[in-house]
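A short worksheet on the structure shown next.
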Amino acid sequence: MEYGTTTSRRTWNFKENEKLVSVSDLTVRSVLNKLKCYIDPADTRPVIPLGHGDPSAFPCFRTTPIAEDAVSDAVRSAKFNCYSSTVGILPARRAVAEYLSQDLPYKLSPDDIYLTIGCCQAIEILLNALARLNANILLPTPGFPYYEAWGGFTQMEMRHFNLLPEKEWEVDLNAVESLADENTVAMVIINPGNPCGNVYSEQHLKKVAEMARKLGILVISDEVYAHLAFGSKPFVPMGIFGSIAPVITLGSISKRWIVPGWRLGWLVTNDPNGILKEHGVIDSIMGYLNISSDPATFIQGAIPQILHETKDDFFSKIVNMLREDADICYERIKDIPCITCPSKPQGSMFVMVQLHLNLLEDIEDDLDFCAKLAREESMIILPGVAVGLKNWLRITFACEPSYLEDGFQRLNAFYQRHAKKQ
């Protein structure tokens with residue numbers, strides 16, 4: 001009998017997971033991969049990558065040698081070749097607790113810290129832990145689509161509140177209150193903001209906590225861009241209001257240390273009143289961790305050295321570069337009539353700009369704009385529809401200034417080519 005041949009076709013019992021296929025289309029990675037397909041291979045100019053938050057490819061954004069040495073030391077010690085514990089190794093959790101406690105009015109314990117494979121796995125863990133029959137979660141628009149993807153995969157209902165561009169992207173708290181019901185489990189905030197580049201004031205964060213208390217929900221505070229603030233508002237962690245309402249903070253070393261590929265993040269319970277434990281959320285988190293993967297143990301082993309020994313001058317350098325890049329971006333946007341920026345970015349690595357289709361010809365929407373921009377100018381920016389705001393654009397400014405200048409020259413040339421004739 002010859003294998004691999006058949007005289008008749010039979011019906012196979014397996015097929016695609018339709019839910020997985022559909023929710024994956026919601027991710028930034030999926031949209032950017034599709035846009036890259038439009039790049040003209042005959043265009044010899046370097047691609048201008050202003051679509052994602054990973055400046056590590058640019059030499060000026062290299063991480064500190066202290067972090068590099070910490071990883072090398074951890075590997076060479078041969079102490080971290082073993083499996084990790086479910087929640088992460090104790091020295092790493094202790095170091096993260098001490099690091100985060102510097103900005104809080106109370107001390108975190110290692111038991112409040114759960115180490116994850118980057119911030120994205122922290123989102124995955126938490127949304128699975130909170131999912132139950134008829135549960136819903138409140139998400140910001142615009143927002144980070146990974147929440148949408150995992151919310152959809154867990155079959156949690158997602159309800160959306162607006163961020164207000166005219167108020168520097170503050171949360172529309174009236175909308176939050178009107179959306180919530182007895183099945184609402186949590187609301188998400190992202191501070192400093194992705195995709196908007198906003199930084200929330202302490203007063204606004206307190207109002208968010210008070211609203212959460214009123215509604216009986218917890219606050220998921222995505223702080224992956226923590227301390228990358230360069231405007232008039234300092235970064236304030238949501239955890240300082242953990243005594244008003246339970247707060248679960250998500251974070252990582254990815255952005256502040258410019259090492260997104262190292263995949264070390266954390267999920268942190270800011271809950272001095274013990275409400276999360278009382279209501280079984282901690283047990284659910286532990287249950288999910290027991291069936292999921294752990295961050296690489298040698299990266300965990302490096303964390304105490306990374307967190308304790310990195311000097312302030314490294315952080316200041318990164319923040320100053322982001323400030324300068326944000327200034328360039330904000331000023332160059334003013335030169336292109338078809339896009340407007342409602343507020344100057346004050347943190348993270350992004351800015352949202354509104355796209356005015358009435359000034360353009362042969363452009364259907366923001367996705368069409370970005371596809372044609374990629375094909376004609378070898379430039380990638382993210383269409384707003386990918387973050388929930390159609391006919392807006394998210395522009396990343398964390399790159400070499402020369403790339404920003406070149407990028408905006410290309411963007412202006414693209415506008416001139418497609419500008420509606422008067």
Side-chain angles (χ1 to χ4, degrees), residues 100 104-106 108-109 111-114 122-141 143-144 146-148 150-164 167 169-191 193 200-223 236-251 266-289 388:
L100 296 177
L104 298 173
Y106 52 87
L108 293 169
S109 158
D111 293 338
D112 298 316
I113 311 297
Y114 305 85
I123 296 171
E124 171 190 337
I125 292 166
L126 185 53
L127 266 60
N128 276 279
L130 293 174
R132 57 174 172 76
L133 184 65
N134 298 323
N136 68 74
I137 187 170
L138 308 184
L139 302 177
T141 298
F144 182 51
Y146 208 77
Y147 290 95
E148 299 277 349
W150 271 105
F153 193 67
T154 61
Q155 300 186 9
M156 233 192 308
E157 181 189 355
M158 292 166 285
R159 301 179 179 181
H160 297 85
F161 58 87
N162 288 332
L163 304 182
L164 303 172
K167 293 187 176 181
W169 302 103
E170 285 189 348
V171 173
D172 184 346
L173 291 171
N174 291 328
V176 169
E177 185 169 14
S178 67
L179 288 168
D181 61 22
E182 68 277 5
N183 291 315
T184 305
V185 295
M187 65 177 291
V188 172
I189 63 167
I190 304 174
N191 181 45
Y200 290 135
S201 68
E202 183 173 345
Q203 293 79 7
H204 186 61
L205 292 174
K206 185 177 182 181
K207 290 178 182 178
V208 169
E210 290 169 343
M211 179 60 69
R213 181 184 180 89
K214 180 179 179 180
L215 300 174
I217 63 177
L218 66 89
V219 179
I220 301 170
S221 186
D222 185 325
E223 298 175 6
V236 177
M238 188 72 204
I240 69 172
F241 300 112
S243 59
I244 297 176
V247 174
I248 295 183
T249 299
L250 311 182
W266 47 75
L267 183 158
V268 179
T269 54
N270 300 272
D271 183 29
N273 298 320
I275 297 170
L276 296 173
K277 184 174 182 61
E278 178 185 346
H279 287 77
V281 175
I282 302 302
D283 290 339
S284 294
I285 292 170
M286 286 296 299
Y288 196 86
L289 285 168

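These numbers come from the heavy atoms of this one structure, side chains and all, not from hydrogens, waters or symmetry mates. For clarity, every value in this text was computed on a predicted model and none was experimentally measured.
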TODO: Could you check if a side-chain atom of Tyr288 sits within less than 4.5 angstrom of a side-chain atom of Leu126, using non-hydrogen atoms only?
DONE: no
Open item on the list: Please report the interatomic distance CD1(Ile190) to OG(Ser221), rounded to the nearest 0.5 Å.
Closed with: 9.5 Å
Task: Spatial distance of atom OG (Ser178) from atom CZ (Phe161) [nearest 0.5 Å] - done: 11.0 Å
TODO: Taking the side chain as every heavy atom from C-beta outward, state whether Asn270 and Leu104 have any atom pair closer than 4.5 Å.
DONE: yes
Open item on the list: Within the structure provided, determine whether Trp266 and Leu250 are in side-chain contact (heavy-atom separation under 4.5 Å).
Closed with: no
TODO: Taking atom CZ of Arg213 as the centre, report whether more than 12 heavy atoms of other residues, nucleotides or ligands fall under 6.0 Å from it.
DONE: no
Task: Reported CG-to-CZ distance for the pair Asn128 and Phe153, which is rounded to 0.5 angstrom - done: 8.0 Å
Task: Verdict with reasoning, Ile275 to Val281, per side chain to side chain contact (heavy atoms under 4.5 Å, CB included) - done: CA-CA 9 Å; Ile275 297 170; Val281 175; over 6 Å; no
- [ ] Among Val208, Leu179, Ile137, find the one that has a side-chain contact (heavy atoms from CB on, under 4.5 Å) with Met187.
- [x] Val208
- [ ] Report yes if some heavy atom in the side chain of Thr249 is under 4.5 Å from a heavy atom in the side chain of Ile220; otherwise report no.
- [x] no
TODO: Compare all side-chain heavy atoms of Leu127 with those of Met156 and state whether any distance is below 4.5 angstrom.
DONE: yes
Task: Side-chain touch Val247/Val268, heavy atoms, less than 4.5 angstrom - done: no
TODO: Go through the steps for Arg159 and Asp181 under the test salt bridge (Lys or Arg N to Asp or Glu O under 4.0 Å), then give the verdict.
DONE: CA-CA 11 Å; Arg159 301 179 179 181; Asp181 61 22; 3.0 Å; yes
Open item on the list: Measuring only between side-chain heavy atoms, which start at C-beta, is Leu138 closer than 4.5 Å to Thr184?
Closed with: yes
- [ ] Quickly, which of Glu223, Gln203, His204, Glu202 forms a side-chain contact (heavy atoms from CB on, under 4.5 Å) with Val236? Name it, please.
- [x] Glu202
Open item on the list: Testing the 3.5 Å rule here: is there a donor-acceptor pair between the side chains of Tyr146 and Glu124?
Closed with: no
Task: Any side-chain donor near an acceptor of the partner, Asn162 and Thr141, under 3.5 Å - done: no
Open item on the list: Does any part of the side chain of Asp222, heavy atoms only, come nearer than 4.5 Å to the side chain of Asn191, both counted from C-beta?
Closed with: no
Open item on the list: Given 3.5 Å as the limit, does a donor-acceptor pair link the side chain of Ser109 with the main chain of Asp111, or not?
Closed with: yes
